[in-house]
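This structure is a prediction, so every number in the text was calculated from the model and none was measured. Excluded from the calculations below are hydrogen atoms, water molecules and symmetry mates; all remaining heavy atoms, backbone and side chain alike, are included.
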Amino acid sequence: MDNKLYNLVTKEEKCYGCGNCVVACPVNAYNDPAVAGGKGPEQLDKVIMCVENGVIKILNMGLCKGCGTCIEECPDGAIGLEVNYTT
Amino acid sequence: MNEIVLKPKDHTRISLEAEVITPDSFAGKSLDEIENMMLYQGNRSVRLKERFDVSGSPCDTAADLRIIIDGDAPRTKRVGEKMSCGEIVVRGNIDMHVGAEMTGGKITVEGNADNFVGREMVGGLIHIKGNALDYVGGTARGKMEGMRGGEIIVDGDAGDHVGNFMYGGVIKIRGNVGQSAGQHMRGKGTIIIGGNSWSRVGCEAADGTILVKGKVHLSTASLGYGCIGQVVKDPELGGDVIEGEFYELRADMGYEPKCGIAKVYASVGLNEHILPGGRTSVPRKGDMPVNRDMLPYLKIYHEEMIVKGGKK
Amino acid sequence: MTTETELLIKNGIVYDPINNVDGEVRDICIRDGKIVDSVSAEAKVIDATGKAVTPGKVECHSHMVGITPTSARIMRPEDIRTRVSASTDVRRAGGGRTVPNTWELGYEYAKLGFTRAYEAAVTPLYSKEAILEFNQYPILNKGIFTLFGNNWFVMDYLKSKEQDKLTAFVSFLLKTTGGYAVKLVNPGGNEAYKWNAEWNCHHADDPVPHFGVTPREIIKGLCIANEELGLPHSIHLHTNMLGVPGNYEVTLDELNITKGIAVGSDSGRVQNTHITHVQFNSFGGDEWRTFNSKADEIAKYINQNDHVTADSGNVIYGDATTMTADSPAEWALYKMTHNKLISNDTEAEDGVGIIPFLYSKKSPVHSVMWAIGLELLLLTDPWKMFVTTDHPNGGVFLDYPLIYSWLLSKKTRMEEAESSHGWALKRTGLGGIDKEYSFYELVIATVAGPARSLGVAKREGHFSNGAAANVAIWDINPLEDDLSRDPQVDKLATTAYTIKNGEIVVKDGTVVSAPMTPLDVAHAHVDYEIQRTVEEELKTKFKRYYTVQFENYIVDPDLYLAKSDRIDVVSGKVHFIPYATQTEEAVK
Amino acid sequence: MIEEKENIVCPFCGCLCDDGVVKVEDNKIVGTRNLCRIGHKKFESAQHGRAESPRIRKNGELVPVTLEEAFDKAAEILVNAERPLFYGWSATCAEATQVGCELTEACRGIIDCTATICHAPSIEAIQDQGAPLSTLGEVMNRADLILYWGCNPMHAHPRHMSRYSVYPRGFFRKRGRKSRTIMVFDPRRTDTAKLADLHVQISPASDHMLVHTFREILNSYDVTHETVAGIPADAIRETMEAMAQHQWCILFFGMGLTQQMGKDRNIDVAIQLMHELNKYIGIRTTLMPMRGHFNVAGANITICSETGYPFAVDFSRGYPRYLPGETSAMDVLYRGEVDAMLNIGANPGTSFSNRALSHMAKIPLINIEPHNQQLLQISDVVFSPAMVGIECEGTAYRMDNVPIKLRKVVEPPENRLPDVVILTEILKRVKELKGKGA
């Protein structure tokens, strides 16, 4: 499951913990209906990230398909996507 | 005319509620009875004589009675509330609700008055020789009927919301007014403003007339001044002919035609900025209202608030 | 709750329609808050010689607590200002006519002789608020009608034709949100309104947008669910197209839907549908110009069919605040009056509209509405048609005595009709009605009828042994005074005594004691398996429909319902479990 | 052993998110999940920096005393006052406010909540104009046009957009953010504006003008000026046209509108616009104030159902009276008309004018506040209660007036009573003292 092509990087000091990225992420919403309805994730093993202690935390990087939705929905650049072009 | 003179003894920080000070309730009472009438102060009540020196000649008919508050009473609320006849003269400043809900008679205030002068007034005359604060001829919250009749004259300036929800009667302000004069006017009332008017004159008014002899500040497209009907010369309003040329404008466009049309007259000379294509909108520094405490009409009584002796 | 003292009401003229007592001079004995055969010699005596003694009145439809009246209170400070009462050692301060605060409501209802009242529409999401307010509502027993008519879960289950799950859902929602009965307001129509202010369900077969079910299906489904559960009260129905000329056809059509559904409860009710404020739904004509009364048609239907009871929803001239979950009707009023309108849409459940309104004698339409309410009451069996004003929609409950006077006396009624607009007599049949209520019939329409219809008649609303000692004593002698000549409005307006659970709460129009009383909550039992299935389904759907968590949606019984009487319903058998015994159970 | 408590309601802002997870170890809060940065901080720091248990000012110093002594002192202050003010109620539960109303009535004082300095203009506008309202779930399920006017939820209500309005996939808006249009009206380029489809950067203090111009267009009049509120006329027309393309619209407004010049008049005209949108072009529109404190809506609702008026209720004559401008907290303090004050669940130290604060310093002040805050410097009786929603239960109302039960997460420290108990004890003593006096 380890996906080396995409990598999400977070800057916790910039994060408001608003959860925009968590809810906007199509993978999260597909895997966890609670997230689709705007609530916090209930099945932590099925979502890419969640807000923990008020800041964003990546849980399962392997699920990310690199669509970049989360980046668009962060006004503060607290989450970013690294694409590894070499692999 | 018989006179009863009330001389205020001292000012308390907590306002007195003196709705008993009307010719109607003084009529037919002896001086002794008047002295023992109850005023409210906070959650206590006091006798009139504890706060005022009472003298004069009582009489039986309220219409022949003149009450004189001989001095400053900036902490006495509700004087002349619901009065129907007679006369009240205040030789100084007065607190809120002077002449509220009054139906007749005359009140003269030689100083300034606080908020709610002539609130929900039905008839009579209130003459404020100084300035008045907000909601002159206005309404208490929620009630959609403000002043219905009578006349209010303010020789100085007035605060915001003059004639809020006004249904009838005449308000004449010789000086400037704050914002939102004549907001929500619903009836055939008339407001005549001698000086300048701050923004939003007649906003959401459904009926009535407002005339501004000075400049209408911040008069914007938002007031529908684009819809200029005509220039009117010497319009007749509130029983007087007002000299000069005025733009006749529709105050609010949103209301249904059946509600009537509220009109705003703005003097031609000073108000070119409201013509179509005129420069408006962005308020410049000079356009903004001055700091509230700096406005002349607000310098009423607050100085006396410096309290003797702090607690700690 | 109960007092240990004994009370003897001597020589009163007793009216007790449930026991067929029509004006007999008798004693009423009370011990420990209950009616008994006899009391000891130490009992406190109230001399009721020459006074009418009736059971405490029951308000079957009123808007008193919850988000709707509170929004109206917030919007109408000018109403509170019209009438204020200061606090005393016994009572709290308050004020208001159309939207008084909770304390004032309790005291004023008690002064009018009421001892039980039901809040007619509470959105489940807001029920915590209604319960908090009811916990601050003195003297009267109370209950909440929970709104079901536009609930998405109801429509989902109807769409998939899963009646058993619908029944389980009704039971679940009543239990978890502290409800007493099933209320339907403009079934389906509010859901349509939420998409566009002009949309509505215009007749029983007008499908709801997206869900595709019709008001007919909603009414039928909920009625069946109600009877399968055997709840103490039947469905409480506010039909579609309220306040629209010509709506009587829709009303008759929708009344016919539940005909033939067997009553499944032993609470003493005979109806399976209670249609509420039917005055607003008895309009004839095509538009306001041709507006007329069809009260006779509605009255005929109700008289001929036993499956319906109704309340009148009279109009009284003067200031009112219309508030109803029927938001399309309020929107229509807004377009007419441009008065201040609050509407509030609740997610997945229902909506609400509030607008102040003035009923004027000069208005032809209002005059006809005034007459329709009286026609309905006069033409219908009082066991089936109860007096309400749908407070504060048609008028204020404080003015109930006016309605009583119009019912008791043709003379008073005609005086009012003649001072109204001419349509009051031209467009209605009111002028041709000679009937005058006897005091006995008035007691039926205000006490016995509502008590039976609401399913509380086993416990109160009469003077049988063991019934709750809720008594109103009136300074009126119906045996000697001719109420048809002088209906004595002022004496109908305040009781000489109101007695609640054996305690004197009102004496000569003054509140002398204000006990706090419990709320009725219906717990209807359904099969455990289906209950669990439904709860699991709800949990999943909640994630999509709601913004609160399922666990936080449920009303916490300890914090909110600690002092509630429980009405347990097991296969149609109603068991009343007062909260005192509940705590004993818990201790055991 | 770390215990995870689920469905915890966050007692910070008006969003009242109720899906929080709080991790507790040995009665210590060690972490949270799903809560935003502010909510996390509220829980994390709840158990630190607590004010000392009851203290009374003696010779200028706050000295620790027994609870009994503090209750007696508080009751004595209130009974002797001619015009006591009971202020706050926004960061406590509805049950405490109910007791507070009874206490105010017993003392014949004034009760006011913090709405008086934030969303009171919204309430006043509703009293003049009514309002089309809805719950947040309606927004989630139906809204395809969301207007944020004079508010910045990304900073003040961080989870508002992700949980209720913009991002969740609603029942009828299955694609979440992609199904919706977001417009932000704000003079600044805020973080919320960065996420919007359209940011209308109006010039300050001209909100009323712009709303009114929208109304003009709706009423088939043209914009006659080149620019209004700093926006070119064409842009205004296009914005209105874009708005009209939608089906279900909500206007969220914040203090940028309510505390702007004009105050309630801005809301008044906005409500009129919403009514007209409903009426003329058939898009369903509602609006909602972005309430700040977690229970400020609850304070209004509770005070209203108890007394009949939503805030600024004066009981000095035994019955309730209400007139903002005369009986509101700011005005009575500004005019120096208060001679004792009880503050609960609010921090006027940061929000009142200097003049009001200087008057507060002169009068006896009872402060019920869990943490050390600025106001303690001038308080005479200090209670440190258990925190509602963290250390005790209670009811709070979300910004759309939906009641939610706050849960208890940890046990309160010793000697920390819930607000309800503190107020009930004071009330009991006030009644005793009043009884003696009579």
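- Looking at every heavy atom in both residues, Gly38(A) comes nearest to Arg163(D) through O-CG, 3.2 Å.
- More than 12 heavy atoms of other residues, nucleotides or ligands sit less than 6.0 Å from atom CZ of Arg189(D).
- In terms of non-hydrogen atom pairs under 4.5 Å with chain D, the most contact-rich of Ile56(A), Leu44(A), Val22(A), Asn20(A) is Asn20(A).
- Of the listed residues (Thr192(D), Asp191(D), Thr190(D)), just one forms a side-chain contact (heavy atoms from CB on, under 4.5 Å) with Pro75(A), and that residue is Asp191(D).
- Counting heavy-atom pairs closer than 4.5 Å to chain A, the top-ranked of the candidates Val22(D), Asp19(D), Val30(D) is Asp19(D).
- The two residues Cys50(A) and Arg33(D) have their closest heavy-atom pair at SG-CD, 3.7 Å.
- Counted within 6.0 Å of NZ on Lys408(D), heavy atoms from surrounding residues, nucleotides or ligands total more than 12; the atom is thus considered enclosed.
- Residues Val35(A) and Pro168(D) form no side-chain contact, since every pair of their non-hydrogen atoms from C-beta on lies 4.5 Å or further apart.
- Among Thr32(D), Asp18(D), Leu35(D), the residue making the largest number of heavy-atom pairs under 4.5 Å with chain A is Thr32(D).
- Side-chain atoms of Met154(D) and Asp76(A), non-hydrogen and from C-beta on, never get closer than 4.5 Å to each other.
- Crowding of Lys46(A) atom NZ: a count of heavy atoms from other residues, nucleotides or ligands under 6.0 Å not exceeding 12.
- Nearest heavy atom pair, residue Cys18(A) against residue Ser162(D), reads O-OG, 2.7 Å.
- Annotation for Arg159(D) and Lys39(A): closest pair NH2-C, 4.2 Å, computed over non-hydrogen atoms.
- The part of Lys23(D) that comes within reach of chain A is its side chain, from C-beta onward, which places non-hydrogen atoms under 4.5 angstrom from that chain.
- Separation of atoms CD (Glu72(A)) and CG (Leu195(D)) is listed at 10.5 Å; rounding is to 0.5 Å.
- Of the atoms belonging to Asn53(A), heavy atoms from both backbone and side chain fall under 4.5 Å from chain D.
- Rounded to the nearest 0.5 Å, atoms OH (Tyr16(A)) and CD1 (Ile38(D)) are 10.0 Å apart.
- Going from atom CD of Glu12(A) over to atom CZ of Arg37(D) covers 8.0 Å, rounded to the nearest 0.5 Å.
- Atom NZ of Lys174(D) has more than 12 heavy atoms from other residues, nucleotides or ligands within 6.0 Å.
- Taking a 6.0 Å sphere around NZ of Lys178(D), one finds it holds 12 or fewer heavy atoms contributed by other residues, nucleotides or ligands.
- Distance check, rounded to the nearest 0.5 Å: NE2 of His40(D) to CD of Glu52(A) gives 9.5 Å.
- Looking at Cys74(A), only its backbone comes within 4.5 Å of chain D, counting heavy atoms on both sides.
- With chain A as the partner, the residue from His155(D), Met140(D), Arg177(D), Glu44(D) showing the most heavy-atom pairs under 4.5 Å is His155(D).
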